[in-house]
Amino acid sequence: LKNVRYNSAVHLGEQTNFDKEHAFHVMKLSGRIFDFIKLKLGLTDEEREYLEVASLLHDIGYSISHSDHHKHSYYLIRHSEMLGFNYKETEIIANIARYHRKSHPKLKHENFLKLDHQSQELVKKLSGILRIADALDRSHKSLVNDLEININQNIFEINLKSVNSDPSLELWGVNVRKGLFEESFGYEVKVKYET
């Protein structure tokens, strides 16, 4: 089933002419963050899959319009035939993609309001991870190939590893986009890069 679901997501990305390299790179980075934090928070492999699919599809809204593309990504995921995912799962994935940038999830947003409380909390956490992973490929050049992550008291330290060239844009991006992660997990994010 996992392959059907995964192939269905990739197919939707290809139909909308997504930036495949960026999408797969963000999926890889979000997976690294998820795997580090999942044991501490009791997150599941199924929830990792929601994050992977949302990572692959977070930018597909560009196929409709550049401005508000996150909202268009929500719409496209929500109204597509993704095989193997039920209504609730599709709604969760669409919301994670919706909140990869701009506004944090709010109850005044109809798409967020209709989720049950548990799903709302999950969307906040997984969107928080996606925002950081997306920021780590801000330049769309796959500069950051690996991460070393540590939790030191309440500080979530991300050290950038095997970096191809100056990641100033990525470092800036994480600092701009880390708020939702910090709110959802209760950690302060510090991102470091030592040349």
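Keep in mind that this is a model prediction, so the values were computed, not measured.
Separation of the His72 and His66 ring centroids does not fall under the 6.0 Å cut-off. A ring-centre distance under 6.0 Å is not found for Phe18 and Tyr62.
Leu169 belongs to a hydrophobic cluster with Trp172, Val176, counting contacts under 4.5 Å between side-chain heavy atoms of Ile, Leu, Val, Met, Phe, Trp and Tyr, direct or through other members.
Taking CD1 from Ile60 and CG from Asp19, the interatomic distance works out to 13.0 Å, rounded to the nearest 0.5 Å. The distance from the CG atom of Asn111 to the OH atom of Tyr74 is 4.5 Å, given to the nearest 0.5 Å.
Evaluation of the side chain to side chain donor-acceptor pair (under 3.5 Å) rule for Ser73 yields no partner, not counting sequence neighbours. Take Lys88 and apply the side chain to side chain donor-acceptor pair (under 3.5 Å) test, not counting sequence neighbours, and it matches Asp116. Annotation: side chain to side chain donor-acceptor pair (under 3.5 Å) contacts of Lys114 (sequence neighbours excluded): none.
For the pair His140/Glu21, no side-chain contact is recorded, criterion being any heavy-atom separation below 4.5 Å from C-beta on. When side chains are defined from C-beta on, Arg177 does not count as touching Ile132, because their heavy atoms never get closer than 4.5 Å. Considering only heavy atoms from C-beta on, Arg131 stays 4.5 Å or farther from Lys178 through its side chain. Between Leu107 and Gln120, the closest side-chain pair of non-hydrogen atoms falls below 4.5 Å. Counting heavy atoms from C-beta on, the side chains of Lys71 and Lys102 never come closer than 4.5 Å. Between Asp59 and His22, some side-chain heavy-atom pair lies under the 4.5 Å cut-off. Ile37 is listed as a side-chain neighbour of Tyr187, based on a closest heavy-atom distance under 4.5 Å.
Side-chain N/O atoms of Glu52 and Ser30 include no donor and acceptor closer than 3.5 Å.
Across His70, His109, Lys106, a single residue satisfies side chain to side chain donor-acceptor pair (under 3.5 Å) together with Tyr99, and that is His109.
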Which atom pairs, one a donor and one an acceptor, fall under 3.5 Å between side chains of residues 75-83 and the rest of the protein, sequence neighbours left out?
| unit_1 | atom_1 | unit_2 | atom_2 | d |
| --- | --- | --- | --- | --- |
| Arg78 | NE | Glu91 | OE1 | 2.6 |
| Ser80 | OG | Leu76 | O | 3.4 |
| Ser80 | OG | Ile77 | O | 3.0 |

Just distance, no hydrogens or angles: give the donor-acceptor pairs under 3.5 Å from side chains in residues 146-154, sequence neighbours left out.
| unit_1 | atom_1 | unit_2 | atom_2 | d |
| --- | --- | --- | --- | --- |
| Asp146 | OD1 | Arg32 | NE | 2.8 |
| Asp146 | OD1 | Arg32 | NH2 | 3.2 |
| Glu148 | OE1 | Asn159 | ND2 | 3.3 |

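A cation-pi contact, defined as under 6.0 Å to the ring centre and within 45° of the axis, is absent between Lys108 and Phe112.
At a threshold of 4.5 Å between side-chain heavy atoms, the hydrophobic network of Ile, Leu, Val, Met, Phe, Trp and Tyr places Leu180 and Leu115 in two separate groups.
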